[in-house]
Each structure stands twice: as C-alpha cells, then as structure tokens.
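Just so it is clear, the values below take in all heavy atoms, side chains as well, and ignore hydrogens, waters and symmetry mates. Below, chain A is the first sequence line, B the second, and so on; all start at residue 1.
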Number of protein chains: 2
Amino acid sequence: MSKAVPVDGEVDGEVVSATGVPTASAAAELPTAVTGQGVQSVDRALGILEVLARTGEAGVTEIAAELGVHKSTAFRLVATLEAHRLVEQTVDRGRYRLGVGILRLAGATTARLDLVQEARPICRQLAADTGETVNIAVLSESSALYLDQVAGSSALQPHNWVGQHIPLHATSNGKVLLSGLEESSLEAVLGTLATYTPHTITRRPLLREELERVRAQGYALAVDELEVGLTAVAAPVRNAHGDVVASMSVSGPSFRLTPERLAEVVRLVTEAAVEVSHRLGWGHR
Amino acid sequence: MSKAVPVDGEVDGEVVSATGVPTASAAAELPTAVTGQGVQSVDRALGILEVLARTGEAGVTEIAAELGVHKSTAFRLVATLEAHRLVEQTVDRGRYRLGVGILRLAGATTARLDLVQEARPICRQLAADTGETVNIAVLSESSALYLDQVAGSSALQPHNWVGQHIPLHATSNGKVLLSGLEESSLEAVLGTLATYTPHTITRRPLLREELERVRAQGYALAVDELEVGLTAVAAPVRNAHGDVVASMSVSGPSFRLTPERLAEVVRLVTEAAVEVSHRLGWGHR
DNA sequence: CGTGGTTGTTGCGCTCGACGGAACGCAGTC
DNA sequence: GACTGCGTTCCGTCGAGCGCAACAACCACG
C-alpha cells in the first residue's frame, strides 16, 4: 500500500469536482474518493468523517478497510476525532457515527450563510451569461420579497424590485417558492388570486397543476402573467435540508426571451440555482 | 444595494457572547482546546477547525500562534483541510474560514438523528402556524444544543442557533430540559448562573421554583431573560419512557409575542411537542 | 521608488510521532 | 470450549510530518 512518494509531480491540486471521476493517480486502490496529498493522518481522519457521513454508522474494522489502513490506525484516528466530539460511539464497544461537534462547527459557519452574500457572484455571472436581469427572492408574509437584483447587459435598466413584495401566483419566482410549500401552508399564504393580465393564473386548481409542473421540471416559467411583454424563468435554491429557501430568476422582455432562447436560459438559471444551493450546504446524498 | 433586508452578514465577534464564561483557572499550557492524547497532527487540524469556529476567520500565522506550532505546519494542515472542503480561503492569498464541507457533514448528522427527522415536518407546520422561528434542542455538555431550526414567515432569518451551545437557565428550551432532570444530575449541570439581562434568573432557589412551575404547567417561558426583546416558549419532547429528550420552542421579538398572543402560541407548541413525542413512541402506557 | 514590515507559500534535512503487527478482553455462535 | 468476529492496547520501527529558512507577494511608510 505504500504509495510512491519521493517525487511530487502534479502541482494542480484540483482533484475532486463533484461529478468528476478521480484522477488516475498511481496505485489508487482506495475506493473512497479521498484526496491523495496533504498531511497523511489528517487526510485519513477526514476520510473517516466522509465515510461516516455516507454510511451513517461504521465500526473500526469497516473504516479501516474503507481507508485501506490497519485497524489500530483507524482506531487511533477515530479516538482522536472522538476527543473533539466530531464522532461518537453508539454504545460502549460499539460502532461510530458523527457527533455533535460537527453541529457546533456548522453553527459557526451559519454566520456566512447570508443568502445574498453567497449568491451574488453567481447572480452576476448568470446576468453576464444571459444578458438579462437576475433576481433572488424569498417567501415573506404571503408574498415574494426580492432580496437582490443584478441588471443585465442591456442598456435599459428595468424596474428595481429589491425590497418589493410581489404576488406569488403571477411570477416565476413566486411559483417556485410556492412549489416548496406543503399543502397546508400553501392554503395559508394564498389569498385571492388577483388578475394582472389575461394570462394570469387566477383559478386555484390551475395553479396547483402549475405548481406540480414546477416541482416536476425543477423550474418555473411566467410569460405575460404579471405584465404583458414580461417573461421570467426561475429555479429553486435549497438549503442543507433540501427545503426551498429562495428562488433565483432571469427576466426580460418577451421579445428577447423567445421560446428557442428560453431553453438555454432555463439551463443556465437552474445550474446557477444548484450552485448557490451547494454553497448553502445542499447536495449530500 | 440590497439595503432592504439586513440579513446579518459577517460580523466577526458576533458569536454568542454568552458561552464564554471566563473559566477560572484553566490550564495555561494548553494552547486552545482539548489537546490531550491522540494523533498529533489530527489533533492540531481539528484545533484549527475550532479556532476558525471561534474567530470566524483567521490567517495562517494567527492559527499557528494559536496552536503553538510553526507557520508551515499550520499551513500544511490548513491545506489538507481545504482539500476536503472543510475550510476555504476568502480570496487567493487570503485568510481562511470554515467551508461548505462542514455543512455537508452536518446535514449527514442531522439526517441520522431520528429526532430531527421526525420533528422536522411538525416544526415546519408550527412555524407556519405561528409565523415565528421554531427550534429544537437537546441537553449536551451542561448546555442546550440546538439541533434544528425552521424560520418563521418573516423574511429575515433572525439568528441561526443550530449547533450553538446556549445557557440552560436563561432560555425556555433550557428550562424545559432542566425540568426533565433529577435533583442529583441537576446540580451537576448547573454552574454559575450568569446574568444576561435584568430578567435573568440567577438565584438557584428561584430557578428551582421556576422548574417546578415548568413541570406543573408543561411548558416554559422566557421573556427578555437571555436578550432584551426576545421572547420564547418551549415544551418538552418525550421518548417512549417518558423522559424529556428534547425541547421544542417558538421564539420571536417580544413586541410580536404579546401576552394575549402567547396563550395561543403555548397551545400550539405544546401540541406540536406532544405530536413529536407520540412519533417517538410516547403515550402508550 | 525604494525599504522594511507584513502576509501566505514552498523545499529540505532531521527527528519524533504515527504506523502496522500482534496480542488482549469480550461477545456472540456453531 | 473452541471459534470467530468485534473494539482496544502495547511496542518497536521507519517514514511522514515537523521546524527552519528562504521565497514571493502585498501594504504602509518616507
């Protein structure tokens, strides 16, 4: 198992890439996707955390096999992790699982869970890619509250919606936010469905169908529903639990967001929303 | 931009001003945390995580000083942590902070805790019904550890307590958890009763009376006891044996949780806690 | 534009700390 | 009671990780 050490060749450290297959490193017999270089024992210890995150529970022998190290080594590492409360054993002489220390650390990271802060660079990129206006909104008191907006490349600055409350049933963002609600709370936030244009969805059964479609396809459309000539597409942003916490949208004049262009925009906005979700801790399992 | 919503950003020293009760005369030789025995490098690496959790952000030199090791050592450890996404640097050649890997792990831990799993839908419903923030906490190391949080309908996430250790005597959750203890273990977990506001209960006899009241009425109140303007009400969650295993709370600004509204909130939170208890096997006697 | 102070980053040789082998105590199970 | 699995402990060895020092940027002086 001794790995070829002396000469360290590649300098680029980027190995893991979410979907990427691990690089073909020499003697890569480890089934776990742990990074090759770094402080060995720390690398292994963190590997243990990842194993436990994946399996939920594991014994020392199992862990040792997974990492490709001796039992005693795995035990020493696990004991060190336990001293820091990052793992805990179910009973004495039992298996191990992740401990409360993880939660304490996570609590410290929530300080930077500022949605706007994390989403901004991605919003900017999305605005640059599409050339249209990008918005991010959350649910607030029976309406959509726009938290941030990045203008597109086009000269004419659209209306600035930041801080505005927007009806839920007539916007793409609103539909996405509604799609994340359960049936019970859905009824609580839905008042009368006001009519804004002939295309506004005003009948509840139709809205439910639409929300079901949004859930299924992972994004929402709104064409001429709030305002004639205004088209928008939105995708959900999820937190670590998978809840829909916000919605990210691209909007612009309908004559520019033509049906054939929409497909590409849909792809971009869903990708961006997934990226933000990842930064919020979503994406395990 | 985005002036409208003051979602608290990166305030540095913002971490609970409460937990750090000045320890009387703790070991001066130990640089930071529990660094007893174990794998040295792993111990140090985890120490780095704790430093970052405490300070929010830190540079390599600062970390090295905190741990009492050489810069290069700290750098290598931090680089290893970074490879696993547990830390990340703000910009190139910049300071380090905790990364999203922590959130992934945290998500895995809460997913493993059946308590959170079972309680989550009920918490969500409770948050929707009351419009306020719902928390669920357990007893851990002489303090209340918050396991989960569901934000209320108001847009701005007040403060994310998940993973934080909160004093037991100054919170509604803490009182509920204490009320489930026996006399002997009660004395063990109670240290000095720190004062946070003029309303904090700091005298032991008064606290005992309060706990007796909590036991009798089946819920706990905390108005302006941890923080002026913060009101919370909590109810016990019991397992199949009837032991208090967790506490569920609704909290919000005192101006919104008025006395006349509290009655209704008390009813809702106790009902929700009973429902969770039932799911954990309580109630068949 | 230099100059002295920071930072984070990187080779390098020495040494001490982490590693693996083996043995131990303890549960179950043929 | 022998067997086989588990988690745990002890110990000698050797290579991995340590501290040193030099490096490359950056910032604040003057």
### Task
Decide side chain to side chain contact (heavy atoms under 4.5 Å, CB included) for B:V189 and B:L178; before the verdict, give the C-alpha distance in whole Å, the side-chain angles of both, and the deciding distance to 0.1 Å.
CA-CA 9 Å; B:V189 299; B:L178 287 177; 3.9 Å; yes
Could you tell me the separation between the [atom1] atom of [X] and the [atom2] atom of [N], rounded to a whole number of Å?
X	N	atom1	atom2	result
A:E62	D:dC6	CD	P	9 Å
A:F75	D:dC10	CZ	P	10 Å
A:R95	D:dT8	CZ	P	13 Å
B:E82	C:dT10	CD	C1'	15 Å
A:Q89	C:dC26	CD	P	16 Å
A:I63	C:dG20	CD1	P	15 Å
A:Q40	C:dG20	CD	C1'	12 Å
B:L77	C:dG17	CG	P	14 Å

### Task
May I ask you to verify if any side-chain N or O of B:S41 is less than 4.0 angstrom from the OP1 or OP2 atom of D:dA16?
no
### Query
Counting only side-chain N and O atoms of A:T61, is one of them less than 4.0 Å from OP1 or OP2 of D:dG7?
yes
### Task
Using a heavy-atom cut-off of under 4.0 Å over every strand shown, decide if A:T73 touches base, sugar-phosphate, or nothing.
base
### Side-chain donor/acceptor contact of B:S72 with base of D:dC20 under 3.5 Å
yes
### Task
Determine yes or no for a side-chain-to-main-chain donor-acceptor pair under 3.5 angstrom, with B:S249 supplying the side chain and B:A234 the backbone.
no
### Main-chain N/O of B:V39 paired to A:T80 side chain as donor or acceptor, under 3.5 Å
yes
Closest nucleotide among [options] to the [X] side chain:
X	options	answer
B:H70	D:dA16, D:dC20, D:dT8	D:dC20
A:V60	D:dT8, D:dC6, D:dG19	D:dT8
B:Y96	D:dG7, C:dG20, C:dT9	C:dT9

### Message
Reading DNA chain C from 5' onward, which residue's closest nucleotide shows up sooner: A:R76 or B:K71?
### Response
B:K71
### Query
If you take all heavy atoms of A:L77 and A:R44, which pair is closest and at what distance?
CD1-CB, 3.6 Å
### Nearest heavy atoms of B:D148 and B:N135, plus distance in Å
O-OD1, 3.2 Å
